[in-house]
Amino acid sequence: MDYTLNIRGQLMSLAQPQVMGILNATPDSFFAASRMQTAEEVVQRARQILDEGASIIDIGACSTRPGSEPATQQEEMDRLRMALGAIRRKLPDAVLSVDTFRPDVARMAVEEYDVDIINDVGTYTSPKEEKEMRRMVARLRVPYILMSSEPTLEKTLLFFAERVQQLRDMGHKDIILDPGFGFGKTLEQNYELLASMEKLLVMELPLLVGVSRKSMIWRLLETDPAHALNGTTALHAVALMKGASILRVHDVKEAVECVKLLSSLTSNLSPLTS
């Protein structure tokens, strides 16, 4: 389906899958090469993401890697203000997403820096906190990425159906679904969900897939995040064939090439003539 996102009054088409490049304004994200600590590093990484063909920059300031101690809300806001301010000064038209689970952080990002998308990583301690985030994004009226930590396809579908209805009852329209690979799932459950991911398309909403260099890849291959690019690209191809509309990635150039090749294949064009 030709999904679209309303980005500051302009429609972004997802008819061809889009690539979202990861920018971590953190000292402790699981993939060390993605960590950016200064305004200069942030802008350099943002330029690289766009130059390599991504259409969205996803900025995180609170690591969600297993075993990590979450930054405080103030630490997260301070890191985001540094990163978002630097990018908006140098790249004012860039489409920005913020990766957070805190409603007040989402509000700050949208109201102070015109952030375009809220990517909800969903690490809530109570149903009340979760509902507060949904109310906030409904108020902010920006595209919202809803992530599931459920372990099976059936539970993921139930989770999405309930929360999508709640968002629609609040008047929210631009919703993207993230099956949450690497969150709340065993190694085997990650692959079982990916193998049947196309069934999530029954929701008639775009799917975002974030598997880049995650443990579901490097543990299976008995390596580490630094050596998981080949496995990541293989799973990106599978995700695209299963209906992914957005790939959230560390390695933009390789993901963009993957999208181009799969798009050529599915449109029955020869790579030699496309």
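Count residues from 1 along the sequence.
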Evaluate Met20 against Ile57 for side chain to side chain contact (heavy atoms under 4.5 Å, CB included), listing each step before the verdict. CA-CA 6 Å; Met20 170 188 280; Ile57 302 171; over 6 Å; no
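- In this structure, Ile59 is a member of the same hydrophobic cluster as Tyr113, with clusters built from ILVMFWY side-chain heavy atoms closer than 4.5 Å.
- No chain of hydrophobic side-chain contacts below 4.5 Å, direct or via other Ile, Leu, Val, Met, Phe, Trp or Tyr residues, connects Met170 to Leu5.
- Between Ala94 and Leu50, the closest heavy-atom pair is CB-CD1, 4.1 Å.
- When all heavy atoms are compared, the tightest approach of Arg8 to Asp93 is NH2-O, 3.7 Å.
- Counting heavy atoms from C-beta on, the side chains of Val249 and His236 come closer than 4.5 Å.
- The structure places OG1 of Thr100 at 11.0 Å from CE of Met136, a figure rounded to the nearest 0.5 Å.
- A search for side chain to side chain contact (heavy atoms under 4.5 Å, CB included) contacts involving Glu198 returns Leu201, Lys242, not counting sequence neighbours.
- Counting only heavy atoms from C-beta outward, the side chains of Asn119 and Met147 never approach each other to under 4.5 Å.
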Side chain to side chain donor-acceptor pair (under 3.5 Å) between Ser13 and Asp2, worked out: CA-CA 7 Å; Ser13 173; Asp2 186 6; 2.9 Å; yes
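- Proximity of Leu235 to Leu194: side-chain heavy atoms (C-beta onward) are separated by under 4.5 Å at one or more points.
- Classification of Asp58 and Arg248 as a salt-bridged pair holds, one side-chain N sitting under 4.0 Å from a carboxylate O.
- Using modelled atom types, no side-chain atom of Glu76 and backbone atom of Gln73 make a donor-acceptor pair closer than 3.5 Å.
- Under the 3.5 Å distance criterion, the side-chain polar atoms of His172 are matched with a main-chain donor or acceptor of Val142.
- Taking all atoms of both residues into account, the shortest heavy-atom contact from Thr26 to Ser63 is CG2-N, 4.0 Å.
- Counted within 6.0 Å of CG on Asn230, heavy atoms from surrounding residues, nucleotides or ligands total 12 or fewer; the atom is thus considered open.
- Distance check: His250 NE2 to Ile22 CD1 gives 3.5 Å after rounding to the nearest 0.5 Å.
- Here the side chains of Val19 and Ile246 are not in contact, with every heavy-atom distance at 4.5 Å or above.
- A donor-acceptor pair shorter than 3.5 Å can be found between the side chains of Tyr144 and Asp120.
- Interatomic distance, Thr266 OG1 to Leu240 CG, rounded to the nearest 0.5 Å: 9.0 Å.
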Are Gln48 and Arg45 close enough, and set up right, to give a side chain to side chain donor-acceptor pair (under 3.5 Å), and what steps lead you there? CA-CA 5 Å; Gln48 179 189 20; Arg45 172 61 177 158; 3.1 Å; yes
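- Here the closest heavy-atom approach between residue Ile49 and residue Val252 is recorded as O-CG1, 3.7 Å.
- With a 4.5 Å cut-off on side-chain heavy atoms, Glu75 and Asp78 do not count as touching.
- Under the side-chain contact (heavy atoms from CB on, under 4.5 Å) test applied with Leu205, the options Val164, Leu146, Leu200, Asp174 reduce to a single match, Val164.
- Hydrophobic clustering (ILVMFWY, side-chain heavy atoms < 4.5 Å, transitive): Tyr3 and Met12 are in one cluster.
- Contact annotation: the side chain of Val137 approaches that of Leu167 to within less than 4.5 Å [non-hydrogen atoms, C-beta and beyond].
- Separating the CG atom in Leu193 from the CD atom in Glu188 is a distance of 13.5 Å, to the nearest 0.5 Å.
- Between Glu192 and Lys185, none of the side-chain N atoms (NZ, or NE/NH1/NH2) sits under 4.0 Å from a carboxylate O, so this pair counts as no salt bridge.
- No side-chain donor-acceptor contact under 3.5 Å links Ser245 and Gln18.
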Pair Arg81, Glu112 - check side chain to side chain contact (heavy atoms under 4.5 Å, CB included), show working. CA-CA 9 Å; Arg81 285 189 170 108; Glu112 294 183 21; 2.9 Å; yes
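- At distances below 3.5 Å, at least one donor-acceptor pair connects side-chain atoms of Asp224 with backbone N or O atoms of His227.
- When every heavy atom of Arg213 is checked against every heavy atom of Thr232, the shortest pair comes out as N-OG1, 2.9 Å.
- A donor-acceptor pair is defined here as one N or O able to donate and one able to accept, closer than 3.5 Å; such a pair exists between the side chain of Lys214 and the backbone of Phe181.
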Do Glu254 and Thr233 pass the side chain to side chain donor-acceptor pair (under 3.5 Å) test, and can you show the C-alpha distance, the side-chain angles, and the key distance before you say yes or no? CA-CA 7 Å; Glu254 291 80 359; Thr233 302; over 6 Å; no
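- Under a hydrophobic clustering in which Ile, Leu, Val, Met, Phe, Trp and Tyr are joined whenever their side-chain heavy atoms come within less than 4.5 Å, directly or via other members, Met241 and Leu153 fall into the same cluster.
- In this structure, CG on Leu96 lies 10.5 Å from CD1 on Ile118, to the nearest 0.5 angstrom.
- Side chain of Ser264 to backbone of Lys260: no donor-acceptor contact under 3.5 angstrom is found.
- Glu257 meets the side chain to side chain contact (heavy atoms under 4.5 Å, CB included) test with Lys253; sequence neighbours excluded.
- The closest donor-acceptor contact from the side chain of Gln165 to the backbone of Glu162 lies at 3.5 Å or more, if one exists at all.
- In this structure the side chain of Asn190 never reaches within 4.5 angstrom of the side chain of Val211, judged on heavy atoms.
- Residue Gln44 qualifies as open at atom CD: its count of foreign heavy atoms under 6.0 Å is 12 or below.
- Between Asp114 and Arg88 there is no salt bridge, since none of the side-chain N atoms of the basic residue sits less than 4.0 Å from a carboxylate O of the acidic one.
- Here the side chain of Ser148 pairs no donor or acceptor atom with the backbone of Thr156 at under 3.5 angstrom.
- Leu158 is not connected to Phe160 by any chain of hydrophobic side-chain contacts under 4.5 Å among Ile, Leu, Val, Met, Phe, Trp and Tyr, and they are in different clusters.
- The existence of a salt bridge linking Arg139 and Glu111 is confirmed by a sub-4.0 Å separation between a basic side-chain nitrogen and an acidic carboxylate oxygen.
- Note that the SG atom of Cys258 and the CG atom of Asp251 stand 12.0 Å from one another [nearest 0.5 Å].
- Residues satisfying the side chain to side chain contact (heavy atoms under 4.5 Å, CB included) test with Ala195, not counting sequence neighbours, are none.
- In terms of heavy atoms, Ile56 sits closest to Ser97 at CG2-CB, 4.0 Å.
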Would you sort out whether Arg47 and Val43 count as a side chain to side chain contact (heavy atoms under 4.5 Å, CB included), showing the intermediate values? CA-CA 6 Å; Arg47 289 190 191 279; Val43 171; 3.8 Å; yes
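- Using a 4.5 Å heavy-atom threshold, the side chains of Leu84 and Val98 count as touching.
- Here the options are Val105, Leu23, Asn24, Val121, the test is side-chain contact (heavy atoms from CB on, under 4.5 Å), and the partner is Asp99; only Val121 passes.
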